[in-house]
2 protein chains.
Amino acid sequence: MADGSLGVSTGKGAGKGGRTAARIREAALELFSRLGFERATLGEIAAAAGVSQANLHYHYQDKDALWRAAMLDLRGVIAEEERLLEAAADASALTQLRMAMRLFLKISWKHPALGRIVALEGMAGGERLDWLVDHLLGPRNRRLAQLVQAAIEAGELKAFPPEQLVITLQAAGAGLINLTPLMAANFGVDTGDPAVREAHDSMILDALLGGLVNDKKR
Amino acid sequence: MADGSLGVSTGKGAGKGGRTAARIREAALELFSRLGFERATLGEIAAAAGVSQANLHYHYQDKDALWRAAMLDLRGVIAEEERLLEAAADASALTQLRMAMRLFLKISWKHPALGRIVALEGMAGGERLDWLVDHLLGPRNRRLAQLVQAAIEAGELKAFPPEQLVITLQAAGAGLINLTPLMAANFGVDTGDPAVREAHDSMILDALLGGLVNDKKR
DNA sequence: CGATTTCCTGACTTTCAAATCAGAAAATGC
DNA sequence: GCATTTTCTGATTTGAAAGTCAGGAAATCG
């Protein structure tokens with residue numbers, strides 16, 4: 001049964017096969033998100049996963065299907081974020097927003113593929129972006145925009161267009177993480193260094209987000 | 001044959017040949033920066049430029065050479081930025097930095113290809129990124145980092161790692177511009193709208209950069 | 001155990017884009 | 001005008017990656 005049925009174990013003897021499919025998706029996610037859809041070849045993905053190239057076609061019909069399956073693995077990441085945020089639904093909008101930003105940074109360091117995919121496909125447009133908006137990004141972004149809107153209405157945040165603010169905060173937060181190769185090539189800075197990461201997070205939280213807050217509330 | 005309509009060049013003398021090559025580079029820059037090197041095909045570029053695919057190989061040896069030639073067209077953009085900044089070399093570091101940010105936004109709206117290229121190749125790494133750092137990005141980024149360093153030493157800016165701040169400000173400033181297709185797909189927002197652009201620029205300048213400045217200087 | 005299904009691979013075919021080439025068209029020079 | 005060079009194109013070749021397939025290995029089941 002080569003239907004490429006998402007990581008969830010189907011019970012019975014899916015032990016080995018499911019793991020192989022998962023390894024393939026992991027390798028695919030890494031390469032797709034770093035290089036983009038066309039630049040990442042099935043040969044590379046197969047090699048990274050330690051399987052034959054033909055095996056990719058056993059588990060997934062074609063390259064597009066593999067791409068979608070790999071992207072769906074990120075749904076768990078988004079869901080976890082949502083779960084944690086809902087636990088704080090009672091706090092002020094600004095507090096929730098700060099928490100969302102912290103979560104976003106944490107997730108971006110742990111799963112850099114998500115931010116890279118947004119950047120890659122968000123610039124290119126087309127069918128894959130539409131698919132991502134439908135299946136992964138749309139609800140999350142709209143929810144965050146509502147949160148920003150609420151913070152503005154509560155007078156806690158300067159009045160900028162919520163959609164633009166959401167996207168810009170994400171771009172600012174994920175920028176350095178996405179641009180790890182540039183940091184290395186241009187400055188010799190290693191973003192794997194915990195000191196770099198901490199400096200980055202406090203820069204985003206203290207400085208950037210701080211600048212958006214209404215002075216009277218600071 | 002095809003539709004050789006483009007024949008009549010308005011320019012005189014050596015106008016035609018140079019103009020054709022320039023049109024090819026323009027089309028190449030747009031497509032390379034939006035889609036990335038491999039996703040952009042020579043066929044598309046040729047069609048966008050209104051010439052045959054073989055013509056691309058007449059003016060440029062191969063796809064790589066065309067890519068580099070298209071990138072070099074951006075040197076003029078960088079040089080212009082540098083020229084304007086040098087005119088204000090006497091102002092305080094913070095003033096220069098604000099000016100640099102304004103310039104960066106203006107340039108990013110006018111030449112969105114530059115920001116997209118940084119994002120695309122800066123994420124992927126590899127030979128093309130190294131080439132870009134050597135020929136286009138390196139000096140500019142290091143100069144900006146020095147400016148930030150000076151502003152910090154003058155006590156005008158909070159003390160964050162200059163390289164990280166430079167990259168993050170660029171990511172924040174170009175984020176929405178790069179992600180124009182995402183803004184359209186996810187929110188139906190058209191970044192061509194002047195109102196959107198103005199709101200974005202003031203958001204970046206007032207809020208984000210404002211947040212980085214030392215309170216005592218505000 | 002043998003039978004059956006699931007999983008996986010090497011070898012092959014197809015497809016598509018990059019690169020080449022011979023020569024036509026247009027510009028330039030005499 | 002004719003000759004020469006430059007510019008450009010259609011047709012073709014080349015190469016690399018996607019996709020197919022027959023069958024082998026391994027797990028599962030009676």
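FYI, side chains are in, hydrogens and waters are out, and symmetry mates aren't considered; it's all heavy atoms of this structure.
Applying the 4.0 Å criterion to OP1 and OP2 of D:dG10, one finds that B:S52 has every side-chain N and O outside that range. Proximity of A:T20 to the phosphate of C:dC8: a side-chain N or O atom is located under 4.0 Å from OP1 or OP2. Checking the phosphate oxygens (OP1, OP2) of C:dC8, no side-chain nitrogen or oxygen of A:Y58 falls inside 4.0 Å.
Rounded to a whole Å, the CG atom of B:L66 is 13 Å from the C1' atom of C:dA19. What separates CD1 of B:I45 from P of C:dC16 is a distance of 19 Å, to the nearest Å. Rounded to a whole Å, the CG atom of A:L56 is 10 Å from the P atom of D:dG19. Atom CD in A:Q61 sits roughly 13 Å away from atom C1' in D:dA18 (whole-Å rounding). Distance B:N55 CG to C:dA24 P: 18 Å, rounded to the nearest Å.
Side-chain atoms of A:E163 and B:N186 include no donor-acceptor pair closer than 3.5 Å.
Listed here is the closest heavy atom pair of A:A172 and A:I204: O-CD1, 3.4 Å.
Residue A:H59 places its side chain closer to C:dC8 than to any other of C:dC8, C:dA18, D:dG19. Residue A:A54 has its side chain nearest to C:dT9 when only C:dT9, C:dA18, D:dG10 are considered. Residue B:K63 places its side chain closer to C:dA19 than to any other of D:dG19, C:dC8, C:dA19. The side chain of B:Q53 sits closest to C:dA18 out of C:dC8, C:dA18, D:dC8.
Below 30°, between 30° and 60°, or above 60°: for A:W67 and A:F37 the angle between ring planes is above 60°, a perpendicular geometry.
Within the nucleic acid shown, A:D62 comes within 4.0 Å of sugar-phosphate atoms alone, with no base atom in reach, counting heavy atoms only.
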Determine whether B:Y60 and B:R68 satisfy the following criterion, side-chain hydrogen bond (donor to acceptor under 3.5 Å, both in side chains), listing intermediate values before the conclusion. CA-CA 10 Å; B:Y60 302 98; B:R68 287 193 298 272; over 6 Å; no
